[in-house]
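What follows is a single structure, written as structure tokens, with notes after it.
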Amino acid sequence: MVLASSAICRLQNDIMSHHFERKRMHVASAVECFMVEHDVSDEVSANFLWGEISKAWKDIAEEYCQRPTPVPIDVMSPTLNLARVISVMYGKGDAYTHPHLLKEHIASLFAHPVPL
């Protein structure tokens, strides 16, 4: 689960920040490495990496839903929650670099809470 969660974090960050990082002449991302290694476009590279993210989510689900779990749920939950947070942060763009993209999420949690 930790490896799958780490893969989700790394790959989603690389996919969503690829164009911004290229402008800054930052270090190579997974998108660029795949492009160079397989001589494909950035769109093909990103699509392949989204497939890898999907596989990582399946690995997490398989591990988390297994009964009995190999590790207590309380130990597994933080790993799952990290992947969930990353999916929110990189769902509509690079919200780590551009935090204004999270404004709607923050407002929905604190300014407009769901009544119980």
Side-chain angles (χ1 to χ4, degrees):
M1 250 180 99
V2 172
L3 293 174
S5 182
S6 298
I8 290 168
C9 296
R10 175 77 272 141
L11 295 176
Q12 274 198 280
N13 172 272
D14 283 356
I15 292 167
M16 299 310 271
S17 65
H18 169 66
H19 295 290
F20 179 72
E21 298 289 336
R22 190 184 316 168
K23 290 177 188 173
R24 292 192 324 177
M25 301 299 289
H26 209 318
V27 296
S29 67
V31 176
E32 287 187 31
C33 290
F34 190 87
M35 286 171 49
V36 169
E37 187 174 326
H38 298 280
D39 194 29
V40 295
S41 68
D42 61 346
E43 185 177 333
V44 171
S45 179
N47 287 337
F48 175 82
L49 295 174
W50 280 117
E52 294 299 304
I53 290 170
S54 179
K55 289 178 191 174
W57 274 114
K58 288 176 186 176
D59 291 344
I60 288 175
E62 183 179 300
E63 197 71 27
Y64 197 79
C65 294
Q66 186 178 1
R67 296 293 184 253
T69 58
V71 180
I73 294 290
D74 293 340
V75 175
M76 296 169 69
S77 292
T79 304
L80 173 62
N81 289 337
L82 173 64
R84 287 175 175 164
V85 166
I86 292 301
S87 289
V88 169
M89 289 191 67
Y90 291 104
K92 294 183 180 177
D94 184 1
Y96 183 81
T97 305
H98 308 287
H100 66 277
L101 297 173
L102 290 175
K103 185 176 180 178
E104 290 178 30
H105 289 288
I106 301 299
S108 70
L109 290 171
F110 297 107
H112 312 294
V114 175
L116 297 177

Q. Is the shortest heavy-atom distance from the side chain of F20 to the side chain of H98 under 4.5 Å?
A. yes
Q.
The test is side-chain contact (heavy atoms from CB on, under 4.5 Å); show your working for L80 and R84 and say whether it passes.
A. CA-CA 6 Å; L80 173 62; R84 287 175 175 164; 3.2 Å; yes
Q: Would you mind reporting whether V85 and M89 have side-chain heavy atoms less than 4.5 Å apart?
A: yes
Q.
Once rounded to the nearest 0.5 Å, what's the spacing between atom CD1 of I86 and atom CG of N81?
A. 12.0 Å
Q) Could you state the interatomic distance from CD1 (I53) to CZ (R10), rounded to the nearest 0.5 Å? A) 10.5 Å
Q) Which pair of heavy atoms, one from L82 and one from S5, lies closest together, and at what distance? A) CD2-OG, 3.8 Å
Q.
To check you understand the geometry: which heavy-atom pair defines the closest contact between T79 and M1, and what is its length?
A. CG2-O, 3.4 Å
Q) Taking atom types as modelled and ignoring hydrogens, do the side chains of Y90 and N13 form a donor-acceptor contact shorter than 3.5 angstrom? A) yes
Q | Closest non-hydrogen atom pair between K92 and L101, with its separation | A | O-CD1, 4.4 Å
Q. Is the side chain of S108 donor-acceptor paired with the backbone N or O of H105 at a distance under 3.5 Å, no angle test?
A. yes
Q: Would you indicate whether Q66, at its atom CD, is surrounded by more than 12 heavy atoms from other residues, nucleotides or ligands within a distance under 6.0 Å?
A: yes
Q. Within a strict 4.5 Å, meaning less than it, do heavy atoms of the T69 and V75 side chains meet?
A. no
(Q) Testing the basics here: between P70 and E63, what is the closest heavy-atom pair and its distance to 0.1 Å? (A) CG-OE2, 3.1 Å
Q) So which heavy atom on S45 is nearest to which on M35, and how close? A) CB-CG, 3.7 Å
**Q.** Separation between CG of N47 and CZ of F34, rounded to the nearest 0.5 Å
**A.** 10.0 Å
Q) Are any non-hydrogen side-chain atoms of S87 and Q12 less than 4.5 angstrom apart? A) yes
Q.
For a 4.5 angstrom cut-off between non-hydrogen side-chain atoms, does L11 reach V31?
A. no
Q: Say whether V2 and W57 are linked into one hydrophobic cluster, either directly or through other cluster members, by side-chain heavy-atom distances under 4.5 angstrom.
A: no
Q) Can you check whether Y64 reaches I73 side chain to side chain, under 4.5 Å on heavy atoms? A) yes
Q) Any chain of hydrophobic side-chain contacts (each under 4.5 Å) joining V44 to L49? A) yes
Q: Give the cluster check for M16 versus V88: same hydrophobic cluster or not, with ILVMFWY residues linked at side-chain heavy-atom distances below 4.5 Å.
A: yes
Q) Pairs in or reaching into residues 29-43: which pass salt bridge (charged side-chain N to carboxylate O under 4.0 Å, His left out), with residues at least two apart or in two chains? A) R22-D42
Q) S54 side chain to W50 main-chain N or O, any donor-acceptor pair under 3.5 Å? A) no
Q.
Do the side chains of K55 and D59 get close enough for a salt bridge, i.e. N-O under 4.0 angstrom?
A. no
